[in-house]
There are 2 protein chains.
Amino acid sequence: MIQSPYLLFLGDAPDMLAAKVAQGIQDWRPEMAVGQYRMEGCGADLGIQDMSIADAVAAGAQTLVIGVANRGGIISQAWKSVLIEALEAGMDIASGLHNLLRDEPDLVAAADATGQTLHDVRVPPITYPIANGKKRTGKRCLAVGTDCSVGKMYTALALDWEMKNQGKKSSFRATGQSGILITGDGVPLDAVIADFMAGSIEYLTPDNDPDHWDIIEGQGSLFHASYSGVTLALIHGGQPDALILCHEPTREHMRGLPGYQQPSLEELRDMSLALARVVNPGCEVVGISINTQHLSDADASAYLNEVEKQMGLPAVDPFRHGATRLAEALS
Amino acid sequence: MIQSPYLLFLGDAPDMLAAKVAQGIQDWRPEMAVGQYRMEGCGADLGIQDMSIADAVAAGAQTLVIGVANRGGIISQAWKSVLIEALEAGMDIASGLHNLLRDEPDLVAAADATGQTLHDVRVPPITYPIANGKKRTGKRCLAVGTDCSVGKMYTALALDWEMKNQGKKSSFRATGQSGILITGDGVPLDAVIADFMAGSIEYLTPDNDPDHWDIIEGQGSLFHASYSGVTLALIHGGQPDALILCHEPTREHMRGLPGYQQPSLEELRDMSLALARVVNPGCEVVGISINTQHLSDADASAYLNEVEKQMGLPAVDPFRHGATRLAEALS
């Protein structure tokens, strides 16, 4: 539905974490992006071609994708002139922000005047059912994290890729805007109305072949004061058979919450399992995914070995080293 | 904003649990209801005057309040002719259902034609902030349950009443449609968008006097597959200093989920405390509220004694026996 290729708009993102939507597209569907657009003061860089709107149109870009996920999901006034320039140059705009494109009168006016389309991928396309808690056929794996933005989506994408590589039946199930932009389908869970959260995940992961795995993208963290409710709805709606614990070892506090420390992997394991077993008594933790992007090769290997010994489970960085051992753990 | 007195509409509610909105108004603000309206086959009865629309208008009713909370919150076609009759007779309509009055063209047309008002109290009146997890002044008490509909709102209303009776500073904080209809203010939590759930509860329970208690209405249950995410957002947004465990001992399975057993009070205590202490390490369970409505006087007393011994905490039915001991536990 969204026309590719894309121009990835990084705006004034202060750092790469804020640009994780664009980064996800670049990492998993690099053929879909012709370049990046960065504003004055932008601290993020995907390492691809910087382009003006005119450059992007000349390179064939059909859609400007807002690749920034700032706190609260606001469309900044500073972005507006760029977005309007893009519409006037013949591009559509796609966004996963809470602040909808369709709620900005100047963008709507420019889209109307130019005949271009505003895509708000965050808006749930249907009314989801209330969860019924019934056991479904097929198997499900969910990534849960010590914090937000520790690599749960990457873990799921890498695991899905490796499952298919090993000839296993697997589907990546997107639950966030970047996952949806990457795969074209999914549930924008954090925009779903509270009562229907768990039901939306049941809807996303229906009955399937007995040997098929849904690899469900995680959201938030049970230990994150802002988003924990979303995480629990995902656990109870997803009814996972397998959990993968995700962790970023250099984080100094919970993302966006300076007063909060990350839990230990043991705390994450115990809390997640206890809650998952409410809906699936057979649920097990099968592996650990460590985001080692801020560690050297030697430090990453040492840390993974240490975690593997400490937890008695395969511990890998699926983005750095591949998800082979995680896929092997799903039987 | 909603004009009283009310006519409480029970529709075709199959049982009293389905009519808990009307029951709550009748129990806590009986002076606001002139009577009840029951349709053919209605299995609920508040024990107040049955009235036709004409009777209610003659008795001074200003607003028909939909007192039924059915699964999914649908406005049934069978209700429509009664609701339109009420509008035509000069009453407003107030509803807390998911299915909004304003989304029903025939009701909107009748309201427009008659000049009456449709109140959807479920619709969040503002955009809430994302939770910041910061410690607030004042104290907070939250009721958590082994299941949905076990008496969490009644516990909070009774406790707030008794706190004021004991001369303590206290505010009941409504988080659901009946609480909002009873008190005229609050957050319709299950209709809030996922990302803003915890923030809406921070907003509802702001900084206050050091000796002031917010008595927060609970929602759902950590052990209920459909609504657990809402409950966790309430725990993390509310940052409770004190938890009260709520239980209905005659329930045979989780409400609406035939395959699920209720957890034990110990399981509820341990899971709730572990999660509450993520945001408030000083949180304690201070008492237990048992809904003994289906037990005889003797059985209720015996059960409460047993629970009190088993758990080492005051165990009361605040609706049957008053909330004195729970209020004493909040210091």
Side-chain angles (χ1 to χ4, degrees), chain A residues 71-73 98-99 122 124 127 129-135 175 187-202 219-239 253-254 256-261 263 267 270-271 274-275 278-280, chain B residues 71-73 98-99 122 124 127 129-135 175 187-202 219-239 253-254 256-261 263 267 270-271 274-275 278-280:
Chain A
R71 196 167 162 85
H98 272 296
N99 182 177
R122 167 171 295 276
T127 299
I130 287 184
N132 63 32
K134 289 185 185 153
K135 181 77 181 163
T175 62
V187 166
L189 182 59
D190 56 10
V192 171
I193 288 177
D195 250 7
F196 302 96
M197 294 187 296
S200 74
I201 303 304
E202 291 187 349
Q219 292 294 335
S221 167
L222 289 171
F223 296 85
H224 195 289
S226 311
Y227 308 115
S228 56
V230 179
T231 309
L232 184 52
L234 193 47
I235 291 174
H236 281 173
Q239 290 186 358
H253 58 73
M254 295 293 280
L257 304 177
Y260 288 84
Q261 298 305 304
E267 288 173 304
D270 294 346
M271 188 70 85
L275 287 164
V278 169
V279 294
N280 186 348
Chain B
R71 195 166 163 85
H98 272 295
N99 181 179
R122 167 170 294 275
T127 299
I130 286 184
N132 62 33
K134 288 185 186 155
K135 182 77 181 161
T175 61
V187 166
L189 181 59
D190 57 10
V192 171
I193 287 176
D195 250 7
F196 302 97
M197 293 186 298
S200 75
I201 303 304
E202 291 187 350
Q219 293 294 335
S221 166
L222 289 172
F223 295 85
H224 196 291
S226 312
Y227 308 115
S228 56
V230 179
T231 309
L232 184 52
L234 193 46
I235 291 173
H236 281 173
Q239 290 184 358
H253 58 72
M254 295 294 280
L257 304 178
Y260 288 85
Q261 299 305 304
E267 288 172 304
D270 294 346
M271 188 70 85
L275 287 164
V278 169
V279 294
N280 186 347

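Heavy-atom basis, side chains included; hydrogens, waters and symmetry copies ignored. A, B, ... follow the sequence lines: proteins, then strands. Residue 1 opens every chain. Note that the structure is predicted; figures quoted are calculated from it, not measured.
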Non-hydrogen atoms of [X] and [Y] that approach each other most closely:
X        : Y        : answer
A:Gly256 : A:Pro258 : O-CD, 3.5 Å
A:Ser200 : A:Val187 : OG-CG1, 3.5 Å
A:Glu202 : A:Gly133 : OE2-N, 2.8 Å
B:Ala191 : B:Pro124 : O-CG, 3.8 Å

Between [X] and chain B, which part of the residue has a heavy atom less than 4.5 Å away: side chain, backbone, both or neither?
X        : value
A:Ile235 : neither
A:Val192 : backbone
A:Leu275 : both

With a 4.5 angstrom heavy-atom cut-off, is it the side chain or the backbone of [X] that approaches chain A, or both, or neither?
X        : result
B:Leu189 : backbone
B:Gln239 : side chain
B:Phe223 : both

Exercise. So which of B:Ala233, B:Ala225, B:Ser228 has the biggest tally of heavy-atom pairs under 4.5 Å with chain A?
Worked result: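 Of B:Ala233, B:Ala225, B:Ser228, B:Ser228 has the most heavy-atom pairs under 4.5 Å with chain A.
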
Exercise. Counting only N and O atoms by type, is there a donor-acceptor contact under 3.5 Å from the side chain of B:Gln219 to the main-chain atoms of B:Asp190?
Worked result: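 No: the side chain of B:Gln219 does not pair with the backbone of B:Asp190.
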
For this session: Name the option with the most non-hydrogen atom pairs under 4.5 Å to chain B; the candidates are A:Lys134, A:Lys135, A:Met254, A:Met197.
Result: A:Met197

Problem set entry | Partner of B:Ser226 by side chain to side chain contact (heavy atoms under 4.5 Å, CB included), out of A:Asn132, A:Ile130, A:Asp195 |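 Exactly one pass, corresponding to A:Ile130.
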
